[in-house]
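These notes are about the structure you will find just below.
Only heavy atoms go into these numbers, but all of them, side chains included; no hydrogens, no water, no symmetry mates. Note that the structure is predicted; figures quoted are calculated from it, not measured. For reference, positions follow the sequence shown, starting with 1.
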Amino acid sequence: PYKIFNPNIAIEYIQKGNANIFIDSIDSAQEYLKTSASSSNVNGGIARAIQKALKLKIKSANEDLIKLVKIQPKHSILHYNLALTYAQIGDIPNANKHFTKSYHLDAKNYLSGIFAIMTSQLIDKEITKLKSIIKDDIMSEDSSEEIELYKTLIHIAEDNYLSSVDWLDKNYKEKALYLTLDTIIANKLNKLDVAQEASNKLIALFPNDILPHIIYIENRFDTLETKLYAKKVLNYLKKQNLNFQDLYFGPYITRYLYIQQNLIIGRLYFLRENLKNKLESIQGNPTGILSALALASLYDKAFEESYTLYNSLIDEYKIRDANTLFLGAVASTAANHHENAIALLELSKMKNKKFIESRYALGLLYLEVNNNAGAYIQLSKVNKDKFSSEYFDFEIDVDKLLFKKQH
């Protein structure tokens, strides 16, 4: 949920400014009125950016909010909304930065604090003290719908689903966030009928959006073996009237999950053709479609095409978050452009020093070119328990090593 500002703050500044003019404190009055004008402009800008985000122009909304933060760097709600756009784009380090900033600017903005905790977990950032403070503050609040939501989100962040079971019995108005929480909690507690009912209601609210249908598919077909799962999902998706605006322009998670589903059901080629056709007719920013096409091409093993698309995103459109740089390196490696992959992984590591996938891949590529010192530095940072790379594996050519040793 995006947040709007409190207009009373701007009014209060204006009133104070007028009062100071009346008592001839001109310098003070000018400062108040200047702040008031700045605040009003920023608040109007926030409203316009939220409109864009809700119309799935998330990248444009993100760019607008970045400009506004430079004008009003101590605006808690501004940082919160900017963080949301970063999270939807898939830039979790920047989302974490601004959620944390938002919470520090307003300690009652609990949602910022909770999302700061969740995004910290996604980037392996230490947040024990922050979590303890936020949790204590929330638990000390009087019970209300809002506070119960925050408590439930804290329980989920702690992987404590048993403590969140009470949420399923709440009779609140059926909002998208609430229904999504119902599906997550019910799934974790093996209450599959509750999860399916909640996912059905999500589809009723958003019949043409992709993500609710993905949630429904996971709840309805997840226990089936792979071939039957693929058949059921294919038949299900054929019957839906999806508008695909969220695939073209919406959150990263929608593109990622929908492309994965098309990989499973064997429809990646047709999805890629759809994306190419849309790219030819697009007016405005094409980065969402390019990102989807690059990932779909990677999964469809069109590695050279994926490599070219990611290079276009990174070089021409300046999309340089850690995840995009990493996926560009994956495509570069698969297309045998290993030097380019090393350069992209170095950039990805700089954007997010705790992105273990980047360090692991970089370590392997350094080993391949006999840069053992560089490989040691990167692989020594891969210290997460039970880490398993989603994209990279390796083989040791023992025959080659033996040949070198003998000669």
Side-chain angles (χ1 to χ4, degrees), residues 1-6 8-9 46 50 53 62 65 68-69 72-170 172-173 175-189 251 253 322 352-355 384-385:
Y2 287 90
K3 288 189 175 187
I4 57 170
F5 50 89
N6 181 359
N8 292 331
I9 295 173
I46 291 172
I50 291 173
N62 174 262
L65 291 168
L68 292 173
V69 160
Q72 195 79 291
K74 294 185 178 181
H75 196 309
S76 174
I77 289 175
L78 174 53
H79 281 281
Y80 169 83
N81 289 321
L82 176 56
L84 276 184
T85 60
Y86 271 125
Q88 290 190 306
I89 289 169
D91 188 345
I92 304 303
N94 268 319
N96 175 260
K97 173 185 172 182
H98 289 282
F99 279 133
T100 305
K101 180 75 172 176
S102 173
Y103 173 73
H104 286 317
L105 287 169
D106 178 6
K108 287 292 183 181
N109 192 345
Y110 291 133
L111 208 49
S112 281
I114 292 165
F115 290 157
I117 292 169
M118 290 180 168
T119 50
S120 292
Q121 291 170 333
L122 290 172
I123 60 174
D124 295 311
K125 180 181 173 182
E126 174 55 44
I127 38 87
T128 304
K129 185 176 180 180
L130 177 67
K131 184 164 74 171
S132 176
I133 292 170
I134 295 170
K135 185 177 178 181
D136 288 347
D137 287 349
I138 290 173
M139 296 305 173
S140 67
E141 294 277 3
D142 294 336
S143 181
S144 66
E145 178 178 331
E146 201 172 13
I147 295 302
E148 289 306 311
L149 169 65
Y150 300 156
K151 288 179 180 178
T152 302
L153 289 169
I154 285 286
H155 292 320
I156 289 174
E158 294 181 325
D159 208 21
N160 183 7
Y161 288 93
L162 280 175
S163 295
S164 64
V165 69
D166 290 344
W167 176 261
L168 299 178
D169 298 324
K170 304 295 182 184
Y172 299 137
K173 182 180 178 181
K175 301 177 182 179
L177 177 60
Y178 291 7
L179 291 169
T180 306
L181 290 177
D182 287 347
T183 64
I184 293 169
I185 295 164
N187 251 316
K188 291 289 185 178
L189 299 177
I253 190 173
N352 181 4
K353 295 185 184 302
K354 299 202 173 188
F355 191 4
K384 189 173 182 180
D385 290 342

If you count every heavy atom of other residues, nucleotides or ligands that lies below 6.0 Å from [X] atom [atom1], does the total exceed 12?
{"X": "Asp169", "atom1": "CG", "answer": "yes"}
{"X": "Lys3", "atom1": "NZ", "answer": "yes"}
{"X": "Ile253", "atom1": "CD1", "answer": "no"}
{"X": "Lys101", "atom1": "NZ", "answer": "no"}

[atom1] of [X] to [atom2] of [Y]: how many Å apart, nearest 0.5 Å?
{"X": "Leu179", "Y": "Ile184", "atom1": "CG", "atom2": "CD1", "answer": "11.0 Å"}
{"X": "Ile77", "Y": "Asn109", "atom1": "CD1", "atom2": "CG", "answer": "6.5 Å"}
{"X": "Leu181", "Y": "Ile156", "atom1": "CG", "atom2": "CD1", "answer": "4.5 Å"}
{"X": "Ile117", "Y": "Phe115", "atom1": "CD1", "atom2": "CZ", "answer": "11.0 Å"}
{"X": "Asn352", "Y": "Lys125", "atom1": "CG", "atom2": "NZ", "answer": "10.5 Å"}
{"X": "Ile138", "Y": "Ile154", "atom1": "CD1", "atom2": "CD1", "answer": "4.5 Å"}

Shortest non-hydrogen contact between [X] and [Y], atoms and distance:
{"X": "Ser144", "Y": "Tyr172", "answer": "O-OH, 4.3 Å"}
{"X": "Pro73", "Y": "Leu105", "answer": "O-CD1, 3.9 Å"}
{"X": "Ala322", "Y": "Phe355", "answer": "O-CE2, 3.8 Å"}
{"X": "Tyr178", "Y": "Lys173", "answer": "CD2-O, 3.3 Å"}
{"X": "Leu82", "Y": "His98", "answer": "CD2-CE1, 3.5 Å"}
{"X": "Ala116", "Y": "Asn96", "answer": "O-ND2, 3.0 Å"}

Mind checking whether [X] and [Y] have side chains closer than 4.5 Å, heavy atoms only?
{"X": "Leu84", "Y": "Phe99", "result": "yes"}
{"X": "Val69", "Y": "Leu65", "result": "no"}
{"X": "Tyr103", "Y": "Leu130", "result": "yes"}
{"X": "His155", "Y": "Ile185", "result": "no"}
{"X": "Ile127", "Y": "Thr100", "result": "no"}

Notebook entry, point to check: side-chain hydrogen bond (donor to acceptor under 3.5 Å, both in side chains) with Asn62: which of Asp91, Thr85, Asn94?
Noted result: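 Looking at Asp91, Thr85, Asn94, the match for Asn62 under the side-chain hydrogen bond (donor to acceptor under 3.5 Å, both in side chains) is Thr85.
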Notebook entry, point to check: For the residue pair Tyr161 and Trp167, is the inter-centroid distance of their aromatic rings smaller than 6.0 Å?
Noted result: no
Notebook entry, point to check: Between the side chain of Thr180 and the main-chain N/O of Ala176, is any donor-acceptor distance below 3.5 Å?
Noted result: yes
Check: Is there a donor-acceptor pair closer than 3.5 Å between any side-chain N or O of His79 and the backbone N or O of Lys74?
Finding: no
Next item on the list: Give a yes or no on whether a salt bridge exists between Glu126 and Lys131, defined as a side-chain N under 4.0 angstrom from a carboxylate O.
Entry: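 Looking at Glu126 and Lys131, the cut-off is not met.
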Notebook entry, point to check: Are Glu158 and Lys135 ion-paired here, with the side-chain N under 4.0 Å from a carboxylate O?
Noted result: yes
Check: Would Met118 and Leu153 satisfy side-chain contact (heavy atoms from CB on, under 4.5 Å), going step by step from the backbone distance to the final call?
Finding: CA-CA 9 Å; Met118 290 180 168; Leu153 289 169; 4.0 Å; yes
Next item on the list: Say whether Ser76 and Ser102, considering side chains only, have a donor N or O and an acceptor N or O under 3.5 Å apart.
Entry: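 Distance-only check passes for Ser76 and Ser102.
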Notebook entry, point to check: Taking atom types as modelled, is there a side-chain donor on Glu146 or Tyr110 under 3.5 Å from an acceptor on the other?
Noted result: no
